[in-house]
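If you read the sequence from its start, that first residue is 1, and numbering goes on from there.
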Amino acid sequence: MNLKTFDLNLLPVLDALLGERSVTRAAQRLHLSQPAVSNALARLRSQTGDAILVRGASGLMPTPRAEAMATSIRQILENIESTFTPAAFDPQTHEQTFYLMMNDYVELLLLPQLMAEISQVGPGIKLSVQSLAPDLASEGLVKGTLDLAFGYLGEIAEQLYRKPLMQESFVCLARQDHPRIKGELSLAQFLAEDHILVSPQGRGFVGLVDTLLGELGQKRKVVLSIPHFTVAPDIIIHTDLLMTMTKSTAQKFASHYPIQVLSVPLEIPSYAISQAWHARTQNEPSQRWLRGVIESLAKRIADRSA
């Protein structure tokens, strides 16, 4: 027999015929018509040069050659089925390291609660987190060195998926006992005070707020530019400096430090914190599970900060 010319679609029919020893029952098992199975049996006989099934005293009986093939055919079909069936995913027993990229304020929002949940439901799961660099995030996801990236990601490669997790608005922080600011903040006060700017990419003393003020013909005084958010509350409580940042992170800081969370006297567009992943992992069970855990967690955070 020439395998190149053999119709592999006949294998399930052969398996059913050998198992049922009846064209009628094989047709029912395969959800095919009886004539279709009879035709397939004729083709099997032609391609194998064997009768496959012959009539005996108690009905159809496999030939010796067909009987010898039965176990191999069943194993071949089971192997094919297992190859194309995703492995069952159980976070309780699964072991895997996920490689993530996010900036420090997204770390602050997500990681404590994410690890608390993972430690309960996925004890074999590990996370390796890198600092966010949007260009490197897209490159890492494409190359497969990253599983997920989080934050404001800008333009991403076309083979990547992106889903918004939460919408962020902006507020201003000042220390609780600030000598000039008590619960409210006017634009005049905002411009009169000194400010901290977080510039993760090290771009100096001009950020989004400064660009928006410039469009209004205004300017603030930034006296400190830092690359990370997490040091900011310690600086704020020891100085009179103000800092404009995302509301959810500001609320988290205010729950641990004597800090005022104030409305910004300036219209600043909100933006989405998103998670991004490559198309190759779209349907991979463990990746879908982790994305779902993070999405649920982000929703709870957004609901609390609303």
Check: Ser270/Glu168 side-chain N/O donor and acceptor closer than 3.5 Å: no
Yes or no on side chain to side chain donor-acceptor pair (under 3.5 Å) for Asp147 and Gln287, after CA distance, side-chain angles and deciding distance? CA-CA 8 Å; Asp147 295 301; Gln287 299 276 351; 2.9 Å; yes
Does a salt bridge link Arg45 with Asp50, judged by any charged N lying under 4.0 Å from a carboxylate O? no
Measure from the side-chain N and O atoms of Gln260 to the backbone N and O of Ile181, and report whether any donor-acceptor pair falls under 3.5 Å. yes
Please name the residue in the list Arg220, Lys221, Arg180 that meets the side chain to side chain donor-acceptor pair (under 3.5 Å) test with Glu193. Arg180
Would you say Pro233 and Ile259 make side-chain contact, with heavy atoms under 4.5 Å? yes
Using a strict 4.0 Å threshold on nitrogen-to-oxygen distance, state whether Lys219 and Asp210 make a salt bridge. no
Under a single-linkage definition using a 4.5 Å side-chain heavy-atom cutoff for Ile, Leu, Val, Met, Phe, Trp and Tyr, are Val261 and Phe170 assigned to the same hydrophobic cluster? yes
pair Ile235-His238: side-chain heavy atoms closer than 4.5 Å: no
Pick out which of Val106, Ile301, Leu109 makes a side-chain contact (heavy atoms from CB on, under 4.5 Å) with Thr249. Leu109
Looking at Asp104 and Phe229, would you say the former's side chain and the latter's main chain have a donor-acceptor pair under 3.5 Å? yes
Given 3.5 Å as the limit, does a donor-acceptor pair link the side chain of Thr281 with the main chain of Glu284, or not? no
Among Leu14, Val13, Leu10, Leu17, which residue satisfies the side-chain contact (heavy atoms from CB on, under 4.5 Å) criterion with Leu41? Leu17
Quick check: are there more than 12 heavy atoms from other residues, nucleotides or ligands sitting under 6.0 Å from NE2 of His94? yes
Establish, yes or no, whether a centroid distance under 6.0 Å links the rings of His278 and Tyr161. no
Between the main-chain N or O of Gly19 and the side-chain N or O of Arg74, is there a donor-acceptor pair closer than 3.5 Å? no
Go through it in stages, so that I can follow the logic: the residues are Ser119 and Glu117, the test is side chain to side chain donor-acceptor pair (under 3.5 Å), and I'd like the CA-CA distance, side-chain angles, deciding distance and then a yes or no. CA-CA 5 Å; Ser119 66; Glu117 185 155 347; over 6 Å; no
One pair to check against side chain to side chain donor-acceptor pair (under 3.5 Å): Gln282 and Trp277. What are the steps and the verdict? CA-CA 7 Å; Gln282 166 68 2; Trp277 63 95; 2.8 Å; yes
Assess whether a salt bridge exists between Asp15 and Arg29, defined as any Lys/Arg side-chain N lying under 4.0 Å from an Asp/Glu carboxylate O. yes
State whether the number of non-hydrogen atoms from other residues, nucleotides or ligands found under 6.0 Å of Gln92 atom CD is greater than 12. yes
